[in-house]
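Not measured: the values here are computed from a predicted model.
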Amino acid sequence: QVQLVESGGGLVQAGGSLRLSCAASGRILSNYLIMAWFRQAPGKEREFVAGSRWDGDTSYGGAVKGRFTISRDNAKNTVFLQMDSLKPEDTAVYYCAADRSPVVRTSTLSYEYWGQGTQVTVSS
């Protein structure tokens, strides 16, 4: 079992930055976990934001490419999401997810473990 705990959400003005963190704990082989971020805005489906494989390979959703950066510290079982140039449409609950897959996948169905989510609100 893997537990994921997100932190770092909050309120920021458009154009600003936030950094989210997700710490994984439990019976894991951290170096073999895919860790990813998804987000869900009110009335919308949960969408893929970014994912990271243990070897540093990354993938980004089209809406955030060039503005968000995912990184990880395998020694600390932690993944980060640096969000720059934030826009009001980035407002959502951001979820950390993890799975033992060989590649980063963009479907929510591909992830076994989820955090509780952290709210990010971007004001205009």
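Counting only heavy atoms from C-beta outward, the side chains of Arg39 and Val64 approach each other to under 4.5 Å. A 4.5 Å side-chain heavy-atom check between Ser59 and Phe48 finds at least one atom pair inside the cut-off. Using a 4.5 Å heavy-atom threshold, the side chains of Lys87 and Arg67 count as touching. Residues Val49 and Leu81 have side chains in contact (heavy-atom distance under 4.5 Å, counting atoms from C-beta outward). In this structure, Ile70 and Val79 have side chains that are in contact, with non-hydrogen atoms separated by less than 4.5 Å. Met83 has its side chain within reach of Leu20: a pair of non-hydrogen atoms, C-beta onward, lies under 4.5 Å apart. Taking the side chain as every heavy atom from C-beta outward, Leu86 and Phe68 approach each other to under 4.5 Å.
Taking the six-membered ring wherever Trp is involved, the centroid distance between the rings of Phe38 and Trp114 falls below 6.0 Å.
Here the side chain of Thr118 pairs a donor or acceptor atom with the backbone of Gly9 at under 3.5 angstrom. A distance-only check finds a donor-acceptor pair linking the side chain of Glu6 to the backbone of Gln116 [under 3.5 Å]. Side-chain atoms of Ser101 do not come within 3.5 Å of backbone N or O of Asp99 as any donor-acceptor pair. Side-chain atoms of Thr91 come within 3.5 Å of backbone N or O of Val122 as a donor-acceptor pair.
For residues 95-124, the pairs satisfying disulfide bond (SG atoms under 2.5 Å apart) are Cys22-Cys96, with sequence neighbours left out.
In this view, Glu112 satisfies the side chain to side chain donor-acceptor pair (under 3.5 Å) rule with no residue, not counting sequence neighbours.
Val5 and Val120 fall into different hydrophobic clusters, defined by Ile, Leu, Val, Met, Phe, Trp and Tyr side-chain heavy atoms under 4.5 Å apart, directly or through other members.
Annotation: the span from Ser85 atom OG to Asp90 atom CG amounts to 9.5 Å, rounded to 0.5 Å. To the nearest 0.5 Å, atoms CG (Leu18) and OH (Tyr94) are separated by 9.0 Å. Here Thr108 contributes atom OG1 and Gln40 contributes atom CD; the two are 9.0 Å apart, rounded to the nearest 0.5 Å. Annotation: the span from Ser124 atom OG to Glu89 atom CD amounts to 10.0 Å, rounded to 0.5 Å.
A side-chain N or O of Tyr113 and one of Arg100 form a donor-acceptor pair less than 3.5 Å apart. There is a side-chain donor-acceptor pair under 3.5 Å between Asp84 and Ser17.
Cation-pi geometry between Arg72 and Phe80 is not satisfied (NZ or CZ under 6.0 Å from the ring centre, within 45° of the ring normal). Both the sub-6.0 Å distance and the 45° axial angle are satisfied by Arg46 relative to the ring of Tyr95.
Of all the heavy atoms in Val104 and Ile34, the pair that sits closest is N-CD1, 3.9 Å. Minimum heavy-atom separation, Thr58 to Tyr60: OG1-CE1, 3.7 Å. Across every non-hydrogen atom of Ala24 and Val2, the tightest pair is CB-CG1, 4.3 Å. Taking each heavy atom of Ser110 and Arg105 in turn, the nearest pair found is OG-CD, 3.3 Å. Residues Thr78 and Lys76 share a closest heavy-atom pair of OG1-O, 2.8 Å.
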